[in-house]
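For clarity, every value in this text was computed on a predicted model and none was experimentally measured. Both counts, for ligands and for their atoms, begin at 1 and track the order of listing. Computed from heavy atoms alone, side chains included, the values below leave out hydrogens, waters and symmetry copies.
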Amino acid sequence: MADLEVKLETQRQTRQTLSPICFQVQHFGSSHGVKMQSLLLLVLCAGLCFASSDIHQHNIQTLMDNVVVVRVPYAHGSMVEVPLTCGDTYEHKDVFWKKNGEELTPALQGNQITVLVKEMKAGNYSCHLSSSGEHLNYTLILVQLEPDNRTVILEGNSPEEGHIHCSAMNYKGSFHCTWKKTQHRSHAAVLLVKASRYLDEISCVVDADGSGIQCQDIDCPYKEENNPIHLTIYMHSYSRLEAYTKSFYLREIVRPEKLPNLHISSGQVFSWAYPDTWEKPRTFFSLHFQVKVVHNGQSCNSDKIILDNITEETKYDVNIKSKKYVFCVRAQDKYARGPWSHWSQCIVNKNEVNCQLP
Ligand SMILES: *[C@@H]1O[C@H](CO)[C@@H](O)[C@H](O)[C@H]1NC(C)=O
Ligand SMILES: *[C@@H]1O[C@H](CO)[C@@H](O)[C@H](O)[C@H]1NC(C)=O
Ligand SMILES: *[C@@H]1O[C@H](CO)[C@@H](O)[C@H](O)[C@H]1NC(C)=O
Ligand SMILES: *[C@@H]1O[C@H](CO)[C@@H](O)[C@H](O)[C@H]1NC(C)=O
């Protein structure tokens, strides 16, 4: 028994220091390794796009195509001159500018101009041909406070969680992050997402409702997880720019999906299944389960507990006298010990058993 404990402990420690995926590589996928590495190299080179470059002043930077960021210590009273160019192609053209789609008085004319950004009063400057009004080009000027720690666009969760919550259903490299905009910033929009692990870029797609991203780390399944994933979300609200960052290892955010197929199989024996999305083989990527029985009418998080136990089986015999109770079960990676799944539950009321999802 003691030997088994020691062995389990060692396994656990090994799986804690390495991504479980590595085990998959070592145990089951080594012949794939070389092929995948060359595929990786191709993908790795695909996206070297977010380099920042200095313009004239150190506090003005090009964040991405057509977007310039002015960094100021305090918005109050700040004034920064920002040089704008419509484009080399229009050097000898008669160019005029609009701010946020409106002409300015006095008119701003010329291919190269300088605008004064007072406090947060920046905007979207577009240049046009004087003769036809034809739209030529634009530069969006945004203001970011430096340091950028007085954020107002996103709501903070707990101090350790920060503003962004990320979760994955397994170790395949796909993960989803969400955030919540504050009440008065619901119009704020994602400007840019940067995600990477060490030198490798990770591609992300912004959710349709603008309050999350779906990312795929293609690198992940084939390497040890020695480096964390770094995430930066640039959000803007009018002219205000805020950058939100988060760093994590995939193993810290892998949370099994809610357990499916929970039912009473016989007498008071409850059974459930591994989530379909969980890693296989299950003998290797084992889950363990927390089983909890709480009083009738209570939620699974209640501390009015009748029974609380851990099992590695996908069934549990509830040996209690009460005929009215709530049976709860949730899962966690037995070795990596990441986040617990959400609870699955059955409400038992004498002979009536309801295991429908709430
Ligand atoms: C449009 O403006 C951007 C600066 O915002 C500049 O980098 C780019 O070269 C311009 N495009 C053209 C076609 O001149
Ligand atoms: C800025 O203006 C250009 C055209 O004038 C438009 O294409 C672009 O979407 C605008 N950007 C923002 C963030 O409003
Ligand atoms: C922001 O950071 C600066 C410098 O690091 C610090 O002095 C200040 O107290 C911070 N402000 C907040 C609101 O955390
Ligand atoms: C906990 O569950 C195990 C089966 O997984 C069982 O053998 C044990 O008796 C249970 N302990 C308690 C206190 O109910």
Side-chain angles (χ1 to χ4, degrees), residues 1 4 8 49-56 60-76 82-93 95-100 108 110-115 117 122-129 134-142 144-156 159 162-163 182 191-192 239-245 259 265 267-272 286-294 305-322 325 327-332 334:
M1 193 64 200
L4 183 67
L8 277 177
C49 46
F50 302 127
S52 300
S53 63
D54 273 339
I55 312 182
H56 303 276
I60 303 174
Q61 281 192 314
T62 300
L63 178 66
M64 54 194 281
D65 286 350
N66 301 94
V67 180
V68 163
V69 178
V70 174
R71 295 202 167 88
V72 295
Y74 306 98
H76 183 72
V82 181
L84 296 180
T85 308
C86 186
D88 296 342
T89 347
Y90 315 116
E91 195 56 65
H92 303 292
K93 298 268 167 56
V95 168
F96 78 100
W97 294 78
K98 290 182 180 178
K99 181 183 178 183
N100 299 330
L108 264 177
N111 184 38
Q112 291 175 10
I113 58 163
T114 300
V115 298
V117 174
N124 197 351
Y125 287 83
S126 54
C127 53
H128 306 257
L129 266 186
E134 185 195 338
H135 176 264
L136 300 173
N137 200 357
Y138 75 94
T139 301
L140 177 66
I141 306 179
L142 297 173
Q144 185 177 14
L145 298 183
E146 196 171 64
D148 185 13
N149 60 359
R150 292 154 283 172
T151 56
V152 296
I153 298 178
L154 297 187
E155 272 181 15
H163 297 83
T182 51
L191 182 71
L192 176 66
S239 291
R240 187 184 184 113
L241 179 72
E242 292 179 349
Y244 293 88
T245 59
L259 297 167
S265 40
Q268 286 195 105
V269 179
F270 290 82
S271 306
W272 56 89
S286 306
L287 294 173
H288 65 180
F289 307 97
Q290 182 185 5
V291 163
K292 210 165 137 178
V293 176
V294 296
I305 297 164
I306 300 172
L307 182 161
D308 192 355
N309 201 351
I310 298 279
T311 181
E312 289 172 21
E313 293 182 80
T314 52
K315 62 182 191 329
Y316 195 88
D317 189 357
V318 175
N319 198 3
I320 57 168
K321 292 212 177 68
S322 170
Y325 58 87
F327 176 87
C328 306
V329 60
R330 61 178 183 173
Q332 183 190 46
K334 191 173 122 190

**Report entry** For Tyr316, the ligand 4 atoms whose distance to one of its heavy atoms is below 4.0 Å
**Finding:** 1 (C), 2 (O), 10 (C), 14 (O)
Query - salt bridge (Lys or Arg N to Asp or Glu O under 4.0 Å) partners for Lys315, two or more places apart - result: Glu313
Requested in this report: Determine whether the side chains of His288 and Gln332 contain a donor N or O and an acceptor N or O closer than 3.5 Å.
Outcome: yes
Query raised in the report: Does the side chain of Tyr325 come under 3.5 Å of the side chain of Gln268 through a donor N or O and an acceptor N or O?
Result: yes
Report summary line: Heavy atoms of Arg240 and Arg150 approach each other most closely as NH2-O, 3.2 Å
Query raised in the report: Under 4.0 Å from any heavy atom of Thr89, which atoms of ligand 1 are there?
Result: 14 (O)
**Report entry** For Arg330, all residues meeting salt bridge (Lys or Arg N to Asp or Glu O under 4.0 Å), sequence neighbours excluded
**Finding:** none
Query - Which of the ligand 4 atoms, numbered from 1, are nearer than 4.0 Å to a heavy atom of Asn309 - result: 1 (C), 2 (O), 3 (C), 8 (C), 10 (C), 11 (N), 12 (C), 14 (O)
Query raised in the report: For Asn137, is at least one N or O under 3.5 Å away from an N or O on ligand 1?
Result: yes
Report task. Within a distance under 4.0 Å of any heavy atom of Thr311, pick out the atoms of ligand 4 and give their elements. Result -> 5 (O)
Report task. Supply the atom-to-atom distance Thr139 OG1 to Asn124 CG, rounded to the nearest 0.5 angstrom. Result -> 8.5 Å
Query raised in the report: Phe96: what forms a ring pair (Phe, Tyr, Trp, His ring centres under 6.0 Å) with it, not counting sequence neighbours?
Result: His128
Report task. Using a strict cut-off of 4.0 Å, indicate which atoms of ligand 1 neighbour a heavy atom of Tyr138. Result -> 5 (O)
Query raised in the report: Does a donor on one side chain and an acceptor on the other come within less than 3.5 Å for Asp88 and Asn111?
Result: no
Report summary line: Between Glu242 and Leu154, the two heavy atoms sitting closest are OE1-N, 4.4 Å
Requested in this report: Write out the protein residues near ligand 3, meaning a non-hydrogen atom under 4.0 Å from one of its atoms, in order of chain and number.
Outcome: Pro147, Asn149, Arg150
Query raised in the report: Got a second to check how far Phe289's CZ is from Asn309's CG, nearest 0.5 Å?
Result: 13.0 Å
Requested in this report: Answer with side chain, backbone, both or neither: which part of Asn66 has a heavy atom less than 4.0 angstrom from an atom of ligand 1?
Outcome: both
**Report entry** Those atoms of ligand 1 less than 4.0 Å from some heavy atom in Thr139
**Finding:** 4 (C), 5 (O)
Report summary line: Counting from 1 in the order shown, the ligand 1 atoms closer than 4.0 Å to a non-hydrogen atom of Cys86 are 1 (C), 2 (O), 10 (C), 14 (O)
